[in-house]
Amino acid sequence: MPPIQLHRATLSNGLRVLLVPDPSTPVVGVAVHVDVGFRSEPEGRTGFAHLFEHLMFQGSESLEKLEHFRVVQGSGGIFNGSTHQDYTDYFEVLPTAALERALFLEADRLRAPRLTEENLRNQVDVVKEEIRLNVLNRPYGGFPWILLPPVLYDTFPNAHNGYGDFSELEQAGLDDAAAFFDTYYAPGNAQLTVLGDIDVDATMALIEKHFGDIPARPTPVRPSFAEPVPGAERRQSVTDAHAPLPALALGYRIPDPSTQLDDYLGHALLASVLSNGEAARLQRRLVHDDGLVTDIAASCGLMGSLDARDPDTFTITAVHPGSVDPDKVLLAVDEELDRLITDGPAADELARQSARWAAAQHHEDDRVMYRMLGLGARELLYGRAEIALELPQRLAAVTPEQVQAAAASLRSAGRAVLLVEPGGAADEQGEQE
């Protein structure tokens with residue numbers, strides 16, 4: 001199979017374009033990544049980036065509410081959007097013949113979404129219901145991505161609840177929505193990715209036709225969200241009314257992938273060595289040998305690997321019986337990290353985990369949606385979509401010494417410890433309304 005070719009262009013209004021022709025793909029994917037996530041939302045408006053993602057599906061300049069849905073589904077396609085720490089994405093995957101239709105749909109809402117009081121109030125209610133379903137009324141809701149950051153971080157962008165606070169969502173007005181759109185949804189703050197059986201020149205002509213006349217606006221200066229690494233352990237306990245067992249989460253800072261990618265990948269493989277598969281170290285020690293936990297997982301990245309700029313979080317999460325002292329779990333984790341620092345991982349252990357990574361990556365890339373979103377996100381975040389293509393080879397090249405260094409970095413700086421305790425009134429958190 002010939003290597004994938006990436007073609008880049010920038011329109012006069014600042015919109016960046018990434019074209020990925022793939023004749024073996026019988027469909028076409030179109031994605032818009034906007035350089036704004038919940039870390040950029042204004043203080044006092046927690047959850048606004050996610051709320052605005054919902055508003056972008058409520059009609060646009062030329063389309064009534066629900067028309068976008070009908071056009072995509074009527075073409076035999078799928079669509080969605082999602083809000084992350086540093087970006088928001090919107091996408092469709094459709095038959096190749098529907099490429100221009102998809103470009104029109106994305107251009108129309110990037111030009112002028114239908115921002116009305118009715119749509120705003122309706123979507124505030126939808127988001128509140130989503131929070132009830134996914135966080136407030138679910139065991140371990142918000143664990144750890146909502147509950148852990150306030151323990152590890154101090155600044156509002158890094159520490160606040162990106163899903164949103166009910167009272168602040170209810171206070172959001174059309175002026176907030178218009179200001180958010182004008183500031184962050186400028187063409188120069190967005191990345192368009194098209195992947196599939198496409199002709200590069202013909203596709204660029206269609207992109208110019210549909211996106212080229214969107215007026216340019218000033219592109220916001222991207223702030224740094226950097227803050228010092230904690231010098232000591234920070235600990236906090238929360239009560240979960242729905243949790244059947246106690247749980248804990250550890251949070252550590254990780255290297256900046258834009259400037260320290262090899263160090264970052266050492267942490268990514270460390271997460272796999274610790275928890276990926278029944279033979280992984282924490283699985284074997286804490287689940288099978290010592291019986292300290294019923295479930296354990298490690299992850300390099302709060303919302304997934306290579307999904308955010310600096311700072312980001314290495315997490316270890318575990319659920320354990322009530323009879324087990326959480327400090328015993330912490331001690332066992334520390335002992336396994338120390339063992340890695342002293343002895344390093346075995347070569348076959350590292351090879352097994354990098355092969356698991358590669359297999360998972362190839363399996364994910366079989367779906368046009370994931371391949372397109374991965375390329376677009378890495379292009380937006382780091383300016384190099386190629387990272388997504390190089391990942392299996394780069395992980396296979398990670399050395400035992402890099403994993404040792406990653407384990408040592410976790411043990412050498414402060415960490416966050418979040419303890420989740422079962423109990424409390426069943427409607428305790430619902431009072432946030």
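Counting begins at 1 with the first residue of the sequence.
- Residue Asn122 forms a side chain to side chain contact (heavy atoms under 4.5 Å, CB included) with just one option from Leu120, Asn119, Val126, and that option is Val126.
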Steps toward side chain to side chain contact (heavy atoms under 4.5 Å, CB included) verdict (Phe38, Asn161)
CA-CA 8 Å; Phe38 56 76; Asn161 174 3; over 6 Å; no
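- Between Phe143 and Tyr140, the ring planes lie tilted relative to each other; the angle falls in the 30° to 60° range.
- Here side-chain hydrogen bond (donor to acceptor under 3.5 Å, both in side chains) pairs that include residues 68-79, with residues two or more places apart or in two chains, are Glu67-Arg70, His68-Glu92, Ser75-Arg101.
- A salt bridge between Arg222 and Asp86 is absent, with no side-chain N of the basic residue lying under 4.0 Å from a carboxylate O of the acidic one.
- Ring geometry for Phe314 versus Tyr252: interplanar angle over 60°, hence perpendicular rather than tilted (30 to 60°).
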Under 3.5 Å, side-chain donor or acceptor atoms of residues 189-198 against the rest of the protein: list the pairs with distances, not counting sequence neighbours.
unit_1, atom_1, unit_2, atom_2, d
Asn189, ND2, Asp35, O, 3.2
Asn189, ND2, Tyr184, O, 2.9

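- Checked for salt-bridge contact, Lys328 and Asp325 miss the test: no charged N lies under 4.0 Å from a carboxylate O.
- A salt bridge does not link Asp165 to Lys128: none of the charged nitrogens lies less than 4.0 Å from a carboxylate oxygen.
- Residue pairs meeting the side-chain hydrogen bond (donor to acceptor under 3.5 Å, both in side chains) criterion with at least one partner in residues 337-347, sequence neighbours excluded, are Glu336-Arg339, Asp338-Arg411.
- The list of side-chain hydrogen bond (donor to acceptor under 3.5 Å, both in side chains) pairs with a residue in residues 143-158, not counting sequence neighbours, reads Arg39-Asn158, Tyr153-Thr313, Asp154-Arg234, Thr155-Asn158, Thr155-Glu227, Asn158-Glu227.
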Under the criterion side chain to side chain contact (heavy atoms under 4.5 Å, CB included), I'd like the reasoning laid out for Arg371 against Asp22: C-alpha separation, chi angles, the key distance, then a yes or no.
CA-CA 11 Å; Arg371 193 164 12 130; Asp22 183 357; 2.7 Å; yes
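- Taking every heavy atom of both residues into account, Gly266 and Val398 meet most closely at CA-CG1, 4.2 Å.
- Side-chain atoms of Glu53 and Thr88 form no donor-acceptor pair, as typed in the model, at a separation below 3.5 Å.
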Stepwise side chain to side chain contact (heavy atoms under 4.5 Å, CB included) check, Tyr264 with Ile254
CA-CA 7 Å; Tyr264 183 98; Ile254 50 180; 3.7 Å; yes
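- With sequence neighbours left out, the side-chain hydrogen bond (donor to acceptor under 3.5 Å, both in side chains) criterion links Glu41 to His160.
- Judged by distance alone, the side chain of Ser275 and the main-chain N or O of Ser272 form no donor-acceptor pair under 3.5 Å.
- For His320, there are no ring pair (Phe, Tyr, Trp, His ring centres under 6.0 Å) partners at least two apart in sequence or on another chain.
- Scanning for side-chain hydrogen bond (donor to acceptor under 3.5 Å, both in side chains) contacts around Arg109 gives Glu106, with sequence neighbours left out.
- Contacts of Thr219 classified as side-chain hydrogen bond (donor to acceptor under 3.5 Å, both in side chains), with partners at least two apart in sequence or in another chain: none.
- If you check the side chains of His288 and Glu278, you find a donor sitting under 3.5 Å from an acceptor.
- When the shell of 6.0 Å around CD of Gln393 is examined, it contains more than 12 heavy atoms from other residues, nucleotides or ligands.
- One distance of note links OH of Tyr163 with CG of Leu136; it measures 10.0 Å at 0.5 Å rounding.
- Applying the side-chain contact (heavy atoms from CB on, under 4.5 Å) criterion to Arg235, with sequence neighbours excluded, gives Glu233, Asp327, Leu330, Val417, Leu419.
- Residues passing the side-chain hydrogen bond (donor to acceptor under 3.5 Å, both in side chains) test with Tyr382: none are found, sequence neighbours excluded.
- Taking the six-membered ring for Trp, Phe180 and Phe48 have ring centres closer than 6.0 Å.
- Considering only residues two or more places apart in sequence or on other chains, Asp290 meets the salt bridge (charged side-chain N to carboxylate O under 4.0 Å, His left out) condition with Arg285.
- Remark: side-chain polar atoms of Gln353 are not paired, donor with acceptor, to backbone N or O of Leu350 under 3.5 angstrom.
- At a cut-off of 3.5 Å, with distance as the only test, a side-chain donor of Ser409 or His267 sits close to an acceptor on the other residue.
- For Asp125, there are no salt bridge (charged side-chain N to carboxylate O under 4.0 Å, His left out) partners at least two apart in sequence or on another chain.
- At most 12 non-hydrogen atoms from other residues, nucleotides or ligands lie less than 6.0 angstrom from CG of Asp175.
- The minimum heavy-atom distance between Ala271 and Ala298, with the atom names listed, is O-CB, 3.8 Å.
- Look at Arg8 and Glu386 and you find a salt bridge, because one of the NZ, NE, NH1 or NH2 atoms lies within 4.0 Å of a carboxylate O, short of that distance.
- For Phe79 and Tyr90, the ring centers sit 6.0 Å or farther from each other.
- Looking at Asn137 and Arg132, their side chains never bring a donor and an acceptor atom within 3.5 Å of each other.
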Given Leu169 and Ile131, is the side chain to side chain contact (heavy atoms under 4.5 Å, CB included) satisfied, shown in steps?
CA-CA 11 Å; Leu169 287 168; Ile131 293 170; 3.9 Å; yes
Kindly determine whether Glu168 and Thr46 satisfy side chain to side chain donor-acceptor pair (under 3.5 Å), including the steps that lead there.
CA-CA 6 Å; Glu168 293 186 9; Thr46 59; 2.9 Å; yes
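- Side chain of Asp89 to main chain of Gly81: no donor-acceptor pair is present (N/O by atom type, distance under 3.5 Å, no hydrogens or angles).
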